[in-house]
Amino acid sequence: KGKRAFIAGVADDNGYGWAIAKSLAAAGAEILVGTWVPALNIFETSLRRGKFDESRILPDGSLMEITKVYPLDAVFDNLDAVPEDIKTNKRYAGSSNWTVQEVAESVKQDFGSIDILVHSLANGPEVSKPLLETSRNGYLAALSASSYSYVSLLKHFLPLMKPGGSSISLTYIASERIIPGYGGGMSSAKAALESDTRVLAFEAGRKNKIRVNTISAGPLRSRAAKAIGFIDTMIEYSMANAPLQKELSADEVGNAAAFLASPLASAITGAVIYVDNGLNAMGVGV
Ligand code: NAI
C-alpha cells in the first residue's frame, strides 16, 4: 500500500505497460509513466480528451489516475549523449529533460523516491529483417533501445528506490528459441536483457536490496507488435499449441507484474517468469 511506481514505455492503452500500470494502480500504487518523446503529444492529448477512460476503469469501478507523465527517450543517458539533429528535431524540441538521467532527477525532485521500476519498451529498426540481413547499426540500435535502456534506467533510478523495492522488464521467448520473423537483433536484445536480469539482480540486490525480474510474455496485439508484422500468426500459433488454449490478455501480464512487485514475491529475484499460457513448455507443435 502507498507504493509508487515508474513505468517506462506507456504511449497508449494497448500495450503491456498500460496493463501493468492498471494492475499496480488496482493494488494501490501511485502511477508515474515515462512516454517516448515522439509519442508524448498524442498520448497526453488522448488522455486529456478521455479517449482512454474506458480502459482506465479498475476492478473497483474507479478510474486509474496517472499522477505524472514524463517525456523519455531511453536511448539517451544524458544531455551530452544527444546528437544535434535530435536536439533540433521538432518532435523533441518541444519537450525537455527527457534523457534517462534527467527523468530520474525530475522524479527525485517531484516525489523523492519510488518503490517499483518497470521497463516496458523495445525498439528494433530492422526487426522485420532476418539476422543474416541485419546491419551493424540496426543490431546495435536494437540492443541500445531494448537492452541497455534497462541497464541505464535501473542505474539512474536505483538511488531513488527504497530497499525492498522491485524492478521488472518484459522479454520474449525468441531470446532462447528460434522465432523466425523476430529479427533485426531483437532476439539478441532479449537474450541480453535476460542475462542482464541475473547480473543486475545480484548487483542491485547486494547494493540496495532491490529485486530484479523479467516477464517472458506471450504474444499481444500491441502497437509495437503490430509493427513487427507477424503478431496474428503468433497469437494463432499459441492458441493452437499452448497448454492453455485462450488468447493472452495484457491484464494477465499486469497481474503477474503486480505479484512480482509485491512482498508476496520477496524471495524471487534474477528470474525469467513465463506468462504465456504455458507455450514455453511445449517441445513440439500439436
Ligand atoms: P508497446 O508499443 O505498448 O510498448 C513499447 C513502448 O516502447 C512504446 O510505448 C514506445 O513508444 C516505447 N519506446 C520505444 N522506443 C523508446 C525509447 N527509445 N524510449 C522510450 N520509450 C520507447 O508494445 P508492447 O508489445 O506492450 O511492448 C512492451 C514490452 O513488452 C517490450 O519490451 C516488448 O518487447 C515486450 N513484449 C511484447 C510482446 C508482444 O507480443 N506484444 C511479447 C513479449 C514481450
Side-chain angles (χ1 to χ4, degrees), residues 6-22 33-43 46 52 55 69-77 81-82 86 91-92 95 98-100 102-103 118-125 127 141-150 152-153 168-177 179 181-182 184-194 197 214-238 247-254 256-257 272-277 279-280:
F6 182 86
I7 301 146
V10 179
D12 59 38
D13 60 350
N14 293 318
Y16 282 132
W18 176 271
I20 291 169
K22 275 182 75 174
V33 304
T35 300
W36 195 30
V37 186
L40 181 75
N41 259 338
I42 178 132
F43 179 62
S46 306
F52 301 137
S55 17
V69 178
Y70 292 87
L72 168 70
D73 194 322
V75 158
F76 302 110
D77 301 315
V82 183
I86 298 279
R91 292 193 298 177
Y92 284 77
S95 303
W98 42 259
T99 66
V100 176
E102 292 169 298
V103 174
V118 179
H119 175 282
S120 182
L121 63 97
N123 204 0
V127 64
L143 269 286
S144 174
S146 314
S147 315
Y148 190 78
S149 58
Y150 184 53
S152 182
L153 266 176
I168 298 156
S169 66
L170 274 298
T171 187
Y172 185 48
I173 187 114
S175 60
E176 45 176 322
R177 301 271 187 265
I179 311 274
Y182 199 72
M186 278 307 300
S187 58
S188 331
K190 292 306 193 189
L193 183 68
E194 290 173 24
T197 297
T214 187
I215 293 174
S216 186
L220 173 76
R221 215 176 269 101
S222 65
R223 188 187 166 99
K226 280 191 278 194
I228 302 171
F230 70 165
I231 188 64
D232 291 321
T233 313
M234 290 298 114
I235 290 172
E236 277 164 38
Y237 182 88
S238 181
E247 193 155 330
L248 182 69
S249 95
D251 293 350
E252 293 175 294
V253 168
V272 179
I273 304 284
Y274 296 93
V275 184
D276 65 348
N277 285 322
L279 186 63
N280 72 90

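This chain uses plain numbering: 1 for the first residue, then up along the sequence. Indexing begins at 1, ligand by ligand and atom by atom, following the structure's order.
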Closest non-hydrogen protein atom to atom 7 (O) of ligand 1, residue and atom name please, with distance?
L121 CB, 3.2 Å
Which protein non-hydrogen atom lies closest to atom 21 (N) of ligand 1, naming both residue and atom, and how far is it?
W36 CB, 3.4 Å
Using atom types as modelled and distance alone, determine if a side-chain donor or acceptor of K22 lies under 3.5 Å from a backbone N or O of S55.
yes
Show me which atoms of ligand 1 lie under 4.0 Å from any heavy atom of G15.
3 (O), 26 (O)
What distance do H119 atom NE2 and S146 atom OG have between them, rounded to the nearest 0.5 Å?
7.0 Å
Atom indices of ligand 1, in the order listed, that fall short of 4.0 Å to a heavy atom of L72
19 (N), 20 (C)
Between G9, A122, S147, A145, flag the one that comes closest to atom 14 (C) of ligand 1 by a heavy atom.
A122
With heavy atoms under 4.0 Å as the rule, classify the contact between K190 and ligand 1 as side chain, backbone, both or neither.
side chain
Return the residue, atom name and 0.1 Å-rounded distance of the protein heavy atom closest to atom 18 (N) of ligand 1.
D73 OD1, 2.9 Å
What protein heavy atom sits nearest atom 19 (N) of ligand 1, and how far off is it?
A74 N, 2.9 Å
May I ask you to list the atoms of ligand 1 that are less than 4.0 angstrom from any heavy atom of P219?
40 (O)
Taking the side chain from T35 and the backbone from V10, do they hold a donor-acceptor pair closer than 3.5 Å?
yes
Which of the atoms in ligand 1, numbered in the order shown and given with their element, are less than 4.0 Å from a heavy-atom of A225?
41 (N)
S238 side-chain N/O to M234 backbone N/O, donor-acceptor pair under 3.5 Å
no
Are any side-chain N or O atoms of T99 and backbone N or O atoms of F76, one a donor and one an acceptor, separated by less than 3.5 Å?
no
Judged by heavy atoms only, the candidate from A217, S222, A174, A250 nearest atom 23 (O) of ligand 1 is S222
Nearest 0.5 angstrom please: N123 CG to D73 CG, how far?
9.0 Å
Among all protein heavy atoms, pick out the one at the shortest distance from atom 4 (O) of ligand 1; state its residue, atom name and that distance to 0.1 Å.
S120 O, 3.7 Å
Taking atom 42 (C) of ligand 1 as the reference point, the nearest protein heavy atom with its distance
G218 O, 3.4 Å
Taking atom 9 (O) of ligand 1 as the reference point, the nearest protein heavy atom with its distance:
A11 CB, 3.4 Å
Under the side chain to side chain contact (heavy atoms under 4.5 Å, CB included) test, residues paired with S152 that sit two or more places apart
D77, V100, Y148, H156
By ring pair (Phe, Tyr, Trp, His ring centres under 6.0 Å), which residues pair with Y92, not counting sequence neighbours?
W98
Nearest neighbour in protein (non-hydrogen) for atom 38 (C) of ligand 1:
Y16 CE1, 3.6 Å
For a side chain to side chain contact (heavy atoms under 4.5 Å, CB included) with L170, tell me which candidate from V253, T214, V275 qualifies.
V253
Atoms of ligand 1 close to V75 [distance to a heavy atom under 4.0 angstrom, numbered from 1]:
18 (N)
Would you confirm whether E252, through its side chain, and S249, through its main-chain N or O, come within 3.5 Å as a donor-acceptor pair?
yes
Sidechain-backbone polar pair: S175 side chain, Y172 backbone, donor-acceptor under 3.5 Å:
yes
Nearest heavy atom to atom 29 (C) of ligand 1: which of L220, L170, N14, T171 does it belong to?
L170
Using non-hydrogen atoms of the residue, decide whether I231 is closer than 4.0 angstrom to ligand 1.
yes
